[in-house]
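Everything numeric in this text was worked out from a predicted model, so none of it was measured.
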Amino acid sequence: MVTKSIVVNGKVQGVFFRKSCREKAITLGINGWAKNLPNGDVAITATGNATAIRDFILWCHRGPANAVVTQVMVTEVALTFFIDFTIERF
């Protein structure tokens, strides 16, 4: 199990990125959260097995249909356990 902090840049707000992110995370068995940042980015913290996290990060590079992802920054952080995957407010 690993936990990653992910920040996604580009046109990622107003395109259902967080909702789609949650759906993808649930499909992959990943727990954590996603939230919009004031600067237009989306921040994600995700915990799961290494293969699922790798697949999730690959998905973050595309996002949902209307997203235009320009950059994905990934940092490994201390292992953190979550009950499910939630969409957070600012």
When the side chains of residues 48-58 are checked against the rest of the protein, which donor-acceptor pairs come out under 3.5 Å, sequence neighbours left out?
from : atom 1 : to  : atom 2 : distance (Å)
N49  : OD1    : T51 : N      : 3.0
N49  : OD1    : A52 : N      : 2.8

Quick one: side chains of residues 63-73, donor-acceptor pairs under 3.5 Å with protein atoms, not counting sequence neighbours, listed by atom name and distance.
from : atom 1 : to : atom 2 : distance (Å)
T70  : OG1    : N9 : O      : 3.4

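With hydrogens and angles disregarded, no donor-acceptor distance shorter than 3.5 Å links the side chain of R18 to the backbone of I87. Put simply, the side chain of Q13 gets close to the backbone of D41: a donor and an acceptor are under 3.5 Å apart.
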Taking it one step at a time, do M1 and L79 satisfy side chain to side chain contact (heavy atoms under 4.5 Å, CB included)? CA-CA 7 Å; M1 297 290 280; L79 184 61; 3.9 Å; yes
Should L37 and K35 be marked as a side chain to side chain contact (heavy atoms under 4.5 Å, CB included) after you check the CA-CA gap, both sets of side-chain angles, and the distance that decides it? CA-CA 6 Å; L37 297 177; K35 70 178 178 180; 4.0 Å; yes
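Considering only heavy atoms from C-beta on, T45 stays 4.5 Å or farther from T80 through its side chain. K4 has its side chain out of reach of V77: every pair of non-hydrogen atoms, C-beta onward, lies at least 4.5 Å apart. Taking the side chain as every heavy atom from C-beta outward, I44 and C21 approach each other to under 4.5 Å.
Hydrophobic cluster membership of W33, counting Ile, Leu, Val, Met, Phe, Trp and Tyr whose side-chain heavy atoms lie under 4.5 Å apart directly or via other members: F82. Grouped with F16 in a hydrophobic cluster is no other residue, since no side-chain heavy-atom contact under 4.5 Å to another Ile, Leu, Val, Met, Phe, Trp or Tyr is found. When hydrophobic side chains of Ile, Leu, Val, Met, Phe, Trp and Tyr are connected at separations under 4.5 Å, I83 ends up as a singleton with no cluster partners.
F17 pairs by the ring pair (Phe, Tyr, Trp, His ring centres under 6.0 Å) definition with W59, not counting sequence neighbours.
Note that CG of L28 is 5.0 Å distant from NZ of K24, once rounded to the nearest 0.5 Å. One distance of note links CG of N31 with CZ of F81; it measures 10.0 Å at 0.5 Å rounding.
There is a path of hydrophobic side-chain contacts, each under 4.5 Å, that joins F85 to V2.
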